[in-house]
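Notes follow once the structure below has been shown.
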Amino acid sequence: MTEQSPALDNLLTESRTFPPSEDFASRANATADWYAKGDEDRDAFWAEQAHRLHWDTEWSQVVDWSDAPFAKWFVGGKLNVAYNCVDRHVEAGHGDQVAIHWVGEPGDTRDLTYADLKREVSKAANALLSLGVSANDRVAIQLQMVPEAIVAMLACARIGALHSVVFGGFSPSALRQRVDDAEAKVVITSDGQYRRGKAAPMKANVDEALEGAESVEKVLVVRRTGDDLDAEVPWTEGRDVWWHELVDGQSEEHTPEAFDSEHPLYILYTSGTTGKPKGILHTSGGYLTQAAYTHNAVFDHKPGEDVYWCTADIGWVTGHSYIVYGPLANRATQVVYEGTPNTPHEGRHWEIVQKYKVSIYYTAPTLIRTFMKWGADIPAKYDLSSLRVLGSVGEPINPEAWMWYRENIGAERCPIVDTWWQTETGAIMISPLPGVTSTKPGSAQRPLPGISAKVVDDKGDEVGKGGGGYLVLDKPWPAMLRGIWGDNERYRDTYWSRFADQGYYFAGDGAKYDADGDVWLLGRVDDVMNISGHRISTTEVESALVSHPTVAEAAVVGATDPTTGQGIVAFVILRGGAEGGGDEAIQELRNHVAKEIGPIAKPRQIMVVPELPKTRSGKIMRRLLRDVAENREVGDVTTLADSSVMDLISSGLKTGGDE
Ligand code: WT7
């Protein structure tokens, strides 16, 4: 299953633990007794957490699981999510507190206080209403990390419209697929974006995507790159509207309406094991409760004191839960950075930490490994003494990167929280608590208070200490997905069928308990790859390859990669007569995948092969291809329909890749 997992190897030898300092523990938000409270009376525990929020109408029941796997949380309760993230802090006298220290890639900056945010969100809500958007309508957002992205999301939430944020790096066809699936009425984007010091077009790609898109009535365009963009911004009269022309003139008054706790909040598409992305649906009360609770407990966030920075992009769930909803519900002051970590130099993040005195920093293992590559002398040039909590998310963090993070960024002082969760879980599920847990390099350790997870074997029985198997969630949780947009059957099949008898949610990950019963994540056990913490399905990339006229068949595997965690390696059979296998043809195929899905899906390597290894029933044996991709001796081939295929592949390999 996960024979080559680096985490598994390390698990055998890893014995270091780091208890919290007494000082940290004495001031920590979460305490050890929360675990017992969560176990003894789960409903009471979550009711207490929900009271962190403002409810216009109190709920009558904490959770209704009678229609499993479709949960209802805080049944009958009513609240407005945007009011909770913005207005109530202003009303409590914190209007002058900075909500967002925004840092643009070229070096321009903007500070928005909670009062500013309230004005901007109200105006944007009025603007959306003026475009005919009403509650339950869908708004697609493809924007880089500019304040308007956050404002747009909150404006949707405020009027009860669902946002569907599409990562800025996704191709026009990926955007189109998502716009069509959700039948988005409005699309919000920008003229262009700064990337590595250059202005690149954005609106032009959106226009390409929207050609003939029937649901879209209006496109709202944020002006960001302006005159720096060489090209003209394409414009469709009657459909396209400048953000500044429409939003700036709106009234600053907007009265938020209270929506049902189960009112849908957003759709976010993620890769599954098939080619078609799944629109993960999240709702309001339970989601916001768990996002706010975890942001408070896991990061030990103190409103008005801490400066928080999550380096994710709002195109991913981490940006939704830990840039927008969790931190703002908790009245955080946070840094939002527009650009890449090495523009204009490799110390950019540390320069920002120093300038804003960032105290909580949350990032991904792939970036930590990149920082390692750049060298410890770079962070050493900056004053990082403001930092007090460090977080990690997206993939298993190897102990080596964990130790580097601890020593070179955290000065051996800051607890590290390795947070396991998914787009589907909506919020953190398994993680140390920084003032409670003695942390271990490479382990996410323990389900949070109020959360239940288990490692089970094939039959669904929990494995003992030291045992490995499948990670399942055996009890409903407030921020859980409420379904896949428009496809209830797929929702049941994907998550609830593997352990249907037990009623467990299967997360797709392998995991193991150590001798203390702590959880170590071992990576995906399905056909989903994890590239730099981003989920990409093997089928998606295979479909993109096969859509090229020269390709007859393709098989894709994720191979261990020192920086990105996994890298995409593709094996292709060319069509009879197709000229191929040359460097140029292979580059062309790699670019084709980038164009179809987006640059993150560009294969690291493509190998042209005469055959693919298949079982008698025709299933591709990816395990063997992974052996080839990782330069290992090929494993057991006895179940292959034709056992000579692997020899053929190994002898006739034509490789191409990394520029
Ligand atoms: C998958 C979910 C959660 C936001 C970012 C990714 C992997 C995530 C960890 C971690 C080991 C992790 C899992 C999971 N993953 N965090 N701390 N340790 N693995 O969200 O795109 O929905 O991907 O990412 O494989 O299933 P996502």
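These numbers come from a predicted model, not from an experiment. Atoms within a ligand are numbered from 1 in the order they appear, just like the ligands themselves.
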Applying a 4.0 Å heavy-atom criterion (strictly less than), which segment of Q422 is in contact with ligand 1: side chain, backbone, both, or neither? both
Could you see which bit of R524 sits under 4.0 Å from ligand 1, with heavy atoms only: side chain, backbone, both or neither? side chain
Measure the distance from atom 14 (C) of ligand 1 to every protein heavy atom, then report the residue, atom name and distance (to 0.1 Å) of the closest one. D509 OD2, 3.3 Å
Is it true that N330 and H295 share a donor-acceptor pair across their side chains at a distance under 3.5 Å? yes
If only side-chain N and O atoms count, and only distance matters, is there a donor-acceptor pair under 3.5 Å linking Q142 with T189? no
For R535, the ligand 1 atoms whose distance to one of its heavy atoms is below 4.0 Å: 2 (C), 21 (O), 22 (O), 23 (O), 27 (P)
So which bit of L521 gets within less than 4.0 Å of ligand 1, heavy atoms only: side chain, backbone, both or neither? side chain
Going by side chain to side chain donor-acceptor pair (under 3.5 Å), name the pairs with one or both residues in residues 472-484, residues two or more places apart or in two chains. E262-R482, T283-R482, S452-D474, K454-D474
Per-residue contact class, I397 against ligand 1 - non-hydrogen pairs under 4.0 Å: neither
Sub-4.0 Å heavy-atom approach of P396 to ligand 1: yes
Do the side-chain N and O atoms of D458 and Y470 include a donor-acceptor pair separated by under 3.5 angstrom? yes
Does ligand 1 have an atom under 4.0 Å from some heavy atom of G394? yes
N or O pair under 3.5 Å between S392 and ligand 1: no
Pair Q422, Y505: side-chain N/O donor-acceptor within cut-off below 3.5 Å: yes
Pi-cation contact, F170 with R178 (under 6.0 Å, within 45°): yes
Going by atom types alone, do D181 and Y269 pair a side-chain donor with an acceptor below 3.5 Å? yes
Tell me, please, which residues at least two apart from P341 pass side-chain contact (heavy atoms from CB on, under 4.5 Å). H349, L367, F371, W374
One residue to check: V317. Relative to ligand 1, which of side chain, backbone, both or neither has a non-hydrogen atom less than 4.0 Å away? side chain
With no hydrogens and no angle check, do the side chains of S321 and Y287 hold a donor and an acceptor under 3.5 Å apart? yes
Using a plain distance cutoff, I'd like to know if T318 has any nitrogen or oxygen under 3.5 Å from a nitrogen or oxygen of ligand 1. no
So the atoms of ligand 1 within less than 4.0 Å of a heavy atom of T419 turn out to be 9 (C), 10 (C), 16 (N), 17 (N)
Go through ligand 1 atom by atom and flag the ones less than 4.0 Å from a non-hydrogen atom of N530. 7 (C), 24 (O)
